[in-house]
4 protein chains.
Amino acid sequence: MSAASTSPPVRRARRKEARPGELLEAALELFVDKGFAATRVEEVAARAGVSKGTLFLYFPSKEELFKAVVRETIAGRFTEWNDEIQSFEGDTASLVRDLMHSWWERVGQTQAAGITKLVMSEASLFPEIASFYQHEVITPGHQLIRRVLQRGIDRREFRPMDLDHAVYSLIAPMIFLIMWKHSLAPCCPRDESIDPLRFIDSQASLLLEGMQLRPAA
Amino acid sequence: MSAASTSPPVRRARRKEARPGELLEAALELFVDKGFAATRVEEVAARAGVSKGTLFLYFPSKEELFKAVVRETIAGRFTEWNDEIQSFEGDTASLVRDLMHSWWERVGQTQAAGITKLVMSEASLFPEIASFYQHEVITPGHQLIRRVLQRGIDRREFRPMDLDHAVYSLIAPMIFLIMWKHSLAPCCPRDESIDPLRFIDSQASLLLEGMQLRPAA
Amino acid sequence: MSAASTSPPVRRARRKEARPGELLEAALELFVDKGFAATRVEEVAARAGVSKGTLFLYFPSKEELFKAVVRETIAGRFTEWNDEIQSFEGDTASLVRDLMHSWWERVGQTQAAGITKLVMSEASLFPEIASFYQHEVITPGHQLIRRVLQRGIDRREFRPMDLDHAVYSLIAPMIFLIMWKHSLAPCCPRDESIDPLRFIDSQASLLLEGMQLRPAA
Amino acid sequence: MSAASTSPPVRRARRKEARPGELLEAALELFVDKGFAATRVEEVAARAGVSKGTLFLYFPSKEELFKAVVRETIAGRFTEWNDEIQSFEGDTASLVRDLMHSWWERVGQTQAAGITKLVMSEASLFPEIASFYQHEVITPGHQLIRRVLQRGIDRREFRPMDLDHAVYSLIAPMIFLIMWKHSLAPCCPRDESIDPLRFIDSQASLLLEGMQLRPAA
DNA sequence: CATGAATGAGACTTCATTCAT
DNA sequence: TATGAATGAAGTCTCATTCAT
C-alpha cells in the first residue's frame with residue numbers, strides 16, 4: 001500500500017497484489033458465460049488487463065485457474081444466512097418463503113447462479129471441483145435448510161418428515177430455475193418463459209402446504 | 001433386419017447396416033461421459049471399431065452425429081407416449097403419476113438423461129444444438145404434459161390453471177434429478193443421496209394435491 | 001458386339017466397352033469446370049454412372065485419368081485444318097482471318113478451350129502433361145500457322161519476317177481470350193467484358209496490317 | 001523501431017518485425033511454384049523458419065496470407081506508376097512503350113507475374129481471391145492504361161477509340177507472356193522460345209500504329 | 001515481475017485409393 | 001467385372017503453455 005508516494009508506483013504495487021483477484025474475476029465471468037472448454041486463457045488475461053504469460057505466473061494451468069475461481073467465488077456465504085435464521089421470529093412457513101425469496105435475490109438472479117450452473121455442467125470433467133462444491137456449498141446449504149425445517153417441526157408448525165427428502169424438494173425448484181435460465185432459455189427466447197418469482201412462490205406454497213401440520217382443522 | 005436371408009451373415013453388408021447403430025451407441029456413451037466439446041470423433045469411431053473416416057461416411061459432422069444421437073435416444077419416444085396417453089382410461093392423477101414413473105424408467109435412469117444434462121450444460125456454446133433440442137424434445141415434451149393437464153381440467157378432475165406454469169412445475173423435479181445425478185451425485189457418493197422414485201412420488205403428490213379440484217369438499 | 005442376343009446382355013457388353021469413353025467424357029467436363037485438384041474421382045464416376053471402384057479399374061490413378069482425358073480430347077484435329085489451308089484459294093490475309101474465326105468457333109468457344117486453360121493452369125504441377133501438350137498440340141499448331149505465314153510470304157503478300165515471332169503474335173490473343181474467359185471473367189461479371197469476335201477481328205487487322213507488304217504505295 | 005536502444009539487436013523483438021516479411025517472402029515463392037491450393041501453410045512456415053502456429057499469429061488464414069502477398073507484390077505498385085504517368089512529358093506513344101517495358105521489368109519477369117498466373121489458374125476455385133484480385137489489381141491496371149490512352153486522345157496523338165477494347169489489346173500480350181512463361185515454357189525448354197522484350201516491342205508497335213492519328217498524312 | 005512471440009499437439013474434415021465381397 | 005465400405009494421410013486452423021527478454 002505504501003501510502004502517499006507518487007501515483008504510478010502506488011498503482012503498480014496495488015495492481016500487483018490485486019492481480020490474482022482481477023484474474024479470478026475475469027475468469028469467473030468468462031467461465032460462466034462460455035464454460036470451461038470454450039474460455040480462452042488469453043481472453044481471461046485480456047479482460048484482467050494483463051498478458052497471457054502473467055496469468056500463468058499466478059495459476060499454473062487453466063484447470064487450476066478454474067478450480068481457484070470456483071473456490072474463491074463460493075466461499076461461505078452461509079454465516080449471514082444462518083444468523084438471519086436464528087434471529088427470525090415469525091412462523092416457519094414465512095421463514096421458508098423469505099429464504100426462497102432472498103435466495104433468488106442474492107443468488108438466483110445474480111452471477112452466483114452462474115457458478116452453480118458452471119459447476120454442475122463441468123462437474124463430471126472436474127470431480128475435484130464437484131466434491132469441493134459439495135463440501136463447501138451443497139452440504140452447508142443442506143444443513144441450513146434442514147435447520148429451518150427442524151425449527152418448524154420443533155415448533156409444531158410442520159409435521160414430522162424425512163428431512164433429507166424435504167430438503168431436496170426445496171432445492172429442486174432452485175436448481176431447475178438456474179439451469180433453465182442459463183441453458184435453454186437464453187437460446188430460445190419464447191413467450192412461455194418462466195416468471196421466476198411466481199414460480200418460486202407457487203412451489204413454496206405447494207411444499208409448505210404439504211409440510212404443514214393440519215393445514216386447517 | 002434385412003429380411004430372411006438365413007445364410008451366413010454377409011459380413012460387409014451386415015456391417016453397413018450395423019454401422020450407424022454402433023456409431024450412435026458409441027457416441028451416446030462418450031457424449032454422456034465427456035460432453036459434446038470434449039468428445040473427439042476419433043474416439044467415437046475407435047469405440048465403434050472403425051476409423052475416423054468411416055464415421056464421416058455416415059454422419060456429415062460431429063454436430064449431425066450428435067443430433068442423430070438425440071433423435072435416436074429421445075426424440076422418437078414421444079409418439080409412443082402420446083399413444084399411451086390417448087388410450088389411458090383411469091383418472092388423470094394416476095396418469096400423471098404413471099407418466100412420471102415411466103419417464104424415470106425410460107429416460108431419467110438411462111443414458112438418455114445424460115443427453116439432457118449435456119444439452120443443458122453446453123447449450124450456450126452450441127446454439128444450433130440447443131434450438132434443435134428445444135424443437136425436438138422440449139417443445140414436444142411440453143405439449144405432451146399440457147395435453148395431460150388439459151385432460152384433467154376437461155374431465156373436472158383438475159381446477160383451471162395456468163398451464164405453462166404448471167408444466168414447469170412438473171418438469172422441474174425431473175430436470176433437477178437429471179442434473180443432480182449427472183453432476184454432483186456421481187462424484188460424491190453419500191448416504192444422503194436421493195431416492196429418485198420416492199422423490200418423484202412425493203413431488204407428484206404435492207403437485208397433484210395442488211391441482212386437484214377439491215378431492216372431497 | 002455379339003450382335004443380336006437378348007437385349008440386357010447386349011447392353012452390358014456395350015457398356016463394358018463404352019466405359020472408358022464415358023468416364024473420359026465425364027472427367028473432361030469436370031476437369032474443365034473445376035480443375036484437376038478440385039475434381040473428385042467419385043463425382044467423375046457418378047457422372048459416368050459407375051462406382052468409384054470401377055473407375056480405378058480403368059485408370060490406375062486420378063493423374064492417369066487426367067492424362068487420358070487430355071490425350072483423348074485434343075488428339076489430332078490438325079489434319080483437317082491443314083487440308084483446309086492447302087485447298088484455300090484466296091489471299092493469305094483472308095486465310096488468316098478465316099482461321100482465326102474458325103479457331104474461335106471450333107476451339108475458343110467450346111470445351112476444348114477449357115482443356116487448354118486447364119493444361120496451362122496445371123502445367124507446372126504436372127510437367128508430363130505439359131510436355132505432352134506441347135508435343136501434341138502446341139507444336140502442330142505452331143507449324144500450321146507457320147505454313148500459312150510462309151504462304152503469304154511466298155506469294156509476295158506478306159513481307160519477310162521472323163516467323164516464330166509472328167506466330168506468337170497470332171497465338172497471343174487466342175491464349176488471352178481463353179484465359180480471360182475461363183478465369184477472371186466468370187467470377188466478376190462486368191459490363192466491360194470482351195466481345196471475343198470483335199477482339200479477334202481487330203487483332204487480326206492490326207497484325208495483318210503490320211505484316212502486309214506495302215498496304216498501299 | 002522501439003526507440004533508440006542502440007544495444008545489441010534484441011533478437012525476439014527484431015524478429016517480430018521481420019516475421020511478416022519473411023513469411024510473405026516464403027509464401028510468394030511457394031505460391032508461385034505450386035499454386036494456391038497445393039501450397040501448404042506448414043511449408044510456408046517452415047521455409048520462413050517458424051512453426052505452423054506462428055504463421056497464424058500474423059495472418060488469420062491461408063487466404064489472407066495470399067492477399068497480403070498480392071498487396072505486397074503487386075497492388076502497391078500502382079501509385080508509383082500513376083505518378084510516373086502524370087509526370088511524363090514526352091509523346092504518348094513513348095509513354096506506352098515505356099510502360100510496357102517497365103511492366104516487364106517490374107512485373108513480367110519477376111515473381112509477381114507468377115501471382116497473376118496463379119490467380120488466373122485458380123480463380124474459379126477461389127472466387128474470393130479472384131474478386132479480390134480483380135478489385136485490387138485488374139481494375140486499377142485497367143484504369144491506368146485507360147488514362148494513358150485518354151491522354152493520347154486528348155493530345156490529338158491518338159484517334160478516338162473504344163477505350164475498353166483498346167485496353168484489352170494492350171493487356172493481351174502481357175497476359176500471354178505470363179501464361180506462356182509460367183506454364184508451357186518452363187517444362188519444354190526450346191530454341192523457339194519467345195524473346196519477351198522483343199515481343200512486347202513488336203506488339204507495342206503494331207498497336208500504336210493502329211491507334212495513332214495519321215503518323216504523317 | 002511481466003511480456004508476448006513462439007510452439008506443437010491435436011481438433012475436425014476430405015478424399016484418393018484399396019479390397020473383400 | 002463391378003461394387004462401395006473402409007481406410008488413413010493430409011490439410012487448415014486453435015490454443016494452452018513455455019521461455020527469452
Side-chain angles (χ1 to χ4, degrees), chain A residues 12-13 15-16 19 37-46 49-65, chain B residues 10-19 37-45 49-65, chain C residues 12-13 15-16 19 37-46 49-63 65, chain D residues 2 5 7-19 37-45 49-65:
Chain A
R12 261 197 101 177
R15 289 202 69 93
K16 203 186 297 190
R19 280 288 143 75
T39 295
R40 279 174 304 129
V41 293
E42 184 154 26
E43 209 180 337
V44 173
V50 301
S51 74
K52 219 181 343 178
T54 304
L55 187 152
F56 283 93
L57 241 40
Y58 291 98
F59 305 95
S61 74
K62 188 186 178 184
E63 200 165 319
E64 287 304 322
L65 171 64
Chain B
V10 187
R11 222 170 39 104
R12 203 64 162 264
R14 277 198 55 225
R15 298 220 72 99
K16 168 71 191 284
E17 281 168 30
R19 283 284 179 256
T39 294
R40 280 169 301 123
V41 294
E42 187 154 22
E43 207 180 340
V44 173
V50 299
S51 75
K52 215 181 348 177
T54 302
L55 188 151
F56 285 96
L57 236 45
Y58 294 95
F59 305 96
S61 72
K62 189 184 178 184
E63 202 161 308
E64 287 303 323
L65 171 64
Chain C
R12 262 197 100 178
R15 289 203 68 93
K16 201 187 294 189
R19 280 287 141 73
T39 294
R40 280 174 305 128
V41 293
E42 185 153 26
E43 208 180 339
V44 173
V50 299
S51 74
K52 221 185 336 181
T54 304
L55 187 152
F56 283 94
L57 240 41
Y58 292 97
F59 304 95
S61 74
K62 189 183 178 185
E63 196 165 324
L65 171 64
Chain D
S2 69
S5 67
S7 55
V10 186
R11 223 173 34 108
R12 204 66 161 260
R14 277 198 54 225
R15 296 220 72 100
K16 168 70 192 283
E17 280 168 32
R19 284 283 180 256
T39 293
R40 281 171 300 126
V41 293
E42 187 154 22
E43 207 179 340
V44 173
V50 299
S51 74
K52 212 182 353 176
T54 303
L55 188 151
F56 286 96
L57 237 45
Y58 294 96
F59 305 95
S61 72
K62 189 184 177 184
E63 203 162 306
E64 287 302 322
L65 171 64

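In what follows, chains carry the letters A, B, and so on, assigned in the order in which the sequence lines appear, proteins first and then strands, with residues in each chain numbered from 1. Remember, predicted model here, so these are calculated numbers, not experimental data.
With hydrogens and angles left out, the side chain of C:Lys52 and the base of E:dT17 share a donor-acceptor pair within 3.5 Å.
Within the 4.0 angstrom heavy-atom criterion, base atoms lie near C:Val41.
Remark: E:dC15 base-pairs with F:dG8. Criterion, Watson-Crick or G-U wobble with two distances under 3.5 Å. Figure legend. E:dA20 is base-paired to F:dT3; pairs are counted as Watson-Crick or G-U wobble with both atom distances under 3.5 Å.
Residue A:Tyr58 places no side-chain N or O under 4.0 Å from the OP1 or OP2 atom of E:dC1. At the phosphate of F:dT7, OP1 or OP2 sits under 4.0 Å from a side-chain N or O atom of B:Thr54. When the side-chain nitrogen and oxygen atoms of D:Lys62 are compared with OP1 and OP2 of F:dT12, one or more of them lie within a distance under 4.0 Å.
E:dT14 atom P lies 15 Å from atom CZ of B:Phe59, rounded to whole Å. Between A:Leu65 atom CG and F:dT17 atom P the separation is 10 Å, expressed in whole Å. As a whole-Å value, the separation of D:Glu42 CD from F:dT14 P is 15 Å. In this structure, C:Phe56 places its CZ atom 5 Å from C1' of E:dA16, rounding to the nearest Å. Between B:Leu57 atom CG and F:dG4 atom P the separation is 12 Å, expressed in whole Å. As a whole-Å value, the separation of B:Arg40 CZ from E:dC12 P is 7 Å.
Taking 4.5 Å as the limit, every side-chain heavy atom of B:Val41 sits out of range of all side-chain heavy atoms of B:Phe59. In this structure the side chain of A:Leu65 never reaches within 4.5 angstrom of the side chain of A:Tyr58, judged on heavy atoms.
In this structure, D:Glu63 places its CD atom where more than 12 heavy-atom neighbours from other residues, nucleotides or ligands lie under 6.0 Å away.
For A:Gly53 and B:Ala37, each mapped to the nucleotide of DNA chain E holding its nearest heavy atom, the one lying further toward the 5' end belongs to A:Gly53. DNA chain E is contacted by both C:Glu63 and B:Thr39; B:Thr39 maps to the nucleotide lying nearer its 5′ end (nearest heavy atom per residue). A residue-by-residue look at D:Ala38 and C:Leu55 shows that C:Leu55 has its nearest nucleotide of DNA chain F further toward the 5' end.
C:Ala37 and C:Lys62 get closest at one heavy-atom pair: O-NZ, 3.2 Å.
Distance CD/C:Glu43 to NZ/C:Lys52: 12.0 Å, rounded to 0.5 Å.
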